[in-house]
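The structure appears right after this line, and notes come after that.
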Amino acid sequence: MAIFNASKCAQYINNHKNPLMVVGDISDNVKLNGKMLTEYAAEVALKLDCQVAATGNSVLEIKKHEGIKVKKMWLAELIIGLKGKWADPVLNERPDLLIFIGYRPDVIDGMVAGLKRIHSVHLGPGKSRATNQGVEAVNFSEWGSNLDELVKAI
C-alpha cells in the first residue's frame, strides 16, 4: 500500500485553476480525530476558494461555514453535466478538477470512469481506482491525520 503524501496531493490540487469540491452524504456521519468530514471539506474549499456541490443533508453542514459557495447537487446530475456540454449546473466554467469527499470508492469509480478531460482526487473514505490522487484505505485516526496534513499543505 502506498503512503499518502499530503504535499504531493496538495501540489496536484493547487496545479488546477477551477476545482470543484464534491461532498457526499457520508461526510455528515463520519468523525475523524474530533472533526466531522464536512469540516475537512469546508477547510479545503475555503483554502482553495472553490465552489462546493453537496449531496443530501451535507449541503446543510457545509452552509454552516461562512464564505463557502455551495449548491445542492446529486453526483449523477453533476456527472451527466460533465459528460455533455457544460451548462453551468454549479460553476460558470467547466471544472478542471473534482475533489471528492464522503463517497465510497466504488461509487466514485463507477461515476468518473467515463469522464474525459477532467482530473479527480478522492479524499475518502477508502482508495478509488479511477481518481488521479487520493487517500488510501486507512484507519480513522490516520485518515484524519492525512486530511489535517493536506489542509495545511494546500
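Everything numeric here is computed off the predicted structure, so don't read it as measured data.
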Margin query: Using the side chain to side chain contact (heavy atoms under 4.5 Å, CB included) definition, which of the options Thr38, Leu37, Val23, Ile62 pairs with Asp28?
Written below: Thr38

Checklist line | Criterion side chain to side chain contact (heavy atoms under 4.5 Å, CB included) against Ile99, the qualifying member of Leu20, Val22, Leu123, Val52 | finding: Leu123

To the nearest 0.5 Å, what is the distance between [atom1] on [X] and [atom2] on [Y]?
X      : Y      : atom1 : atom2 : value
Ser128 : Asp109 : OG    : CG    : 3.5 Å
Trp143 : Asp148 : CH2   : CG    : 12.5 Å
Lys64  : Glu39  : NZ    : CD    : 9.5 Å
Leu97  : Cys50  : CG    : SG    : 8.5 Å
Ile79  : Ile118 : CD1   : CD1   : 7.5 Å
His16  : Asn132 : NE2   : CG    : 7.0 Å

Check whether any side-chain heavy atom of [X] lies under 4.5 Å from a side-chain heavy atom of [Y], and answer yes or no.
X      : Y      : value
Phe100 : Val112 : yes
Gln133 : His119 : no
Cys9   : Ile13  : yes
Glu43  : His65  : no
Asn57  : Leu60  : yes
Arg94  : Asn18  : no
Lys127 : Pro105 : no
Ile68  : Lys63  : no

Next item on the list: Measure from NZ or CZ of Lys31 to the centre of the six-membered ring of Phe140, then state whether that distance is under 6.0 Å and the direction lies within 45° of the axis.
Entry: no

Item checked: Chi angles and distances behind the side chain to side chain contact (heavy atoms under 4.5 Å, CB included) call for Tyr103, Met111 -> CA-CA 11 Å; Tyr103 288 98; Met111 291 289 186; over 6 Å; no

Margin query: For a side chain to side chain contact (heavy atoms under 4.5 Å, CB included) check, start with the C-alpha distance between Met36 and Glu61, then their side-chain angles and the critical distance, and finish with the verdict.
Written below: CA-CA 9 Å; Met36 295 302 294; Glu61 292 301 316; 5.8 Å; no

Of all the heavy-atom pairs spanning [X] and [Y], show the shortest one and how long it is.
X      : Y     : result
Ile101 : Ala41 : CG2-CB, 3.7 Å
Leu32  : Tyr40 : O-OH, 3.5 Å
Ala153 : Ala6  : CB-O, 4.0 Å

Check whether any side-chain N or O of [X] sits under 3.5 Å from a backbone N or O of [Y] as a donor-acceptor pair, and report yes or no.
X     : Y      : answer
Asn33 : Ser141 : yes
Ser58 : Ala54  : no
Glu77 : Trp74  : yes

Item checked: Test log, rule side chain to side chain contact (heavy atoms under 4.5 Å, CB included), inputs Gln51 and Lys71 -> CA-CA 8 Å; Gln51 175 84 27; Lys71 180 176 181 177; 3.9 Å; yes

Next item on the list: Let me see the working for Leu48 and Met21 under side chain to side chain contact (heavy atoms under 4.5 Å, CB included), right down to the final yes or no.
Entry: CA-CA 9 Å; Leu48 295 173; Met21 173 68 73; 5.6 Å; no

Notebook entry, point to check: Counting heavy atoms not belonging to Asp106, are there more than 12 under 6.0 Å from its CG?
Noted result: yes

Notebook entry, point to check: Any luck finding a side-chain donor-acceptor pair between Thr55 and Asp25 under 3.5 Å?
Noted result: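 Result is no, nothing qualifies.
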
Next item on the list: Using a strict cut-off of less than 4.0 Å between a Lys/Arg side-chain nitrogen and an Asp/Glu carboxylate oxygen, indicate whether Glu149 and Lys152 qualify as a salt bridge.
Entry: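 The answer is no: the pair does not qualify as a salt bridge.
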
Check: Is Lys17 salt-bridged to Asp96, cutoff N-O under 4.0 Å?
Finding: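 Answer for the salt bridge query: no.
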
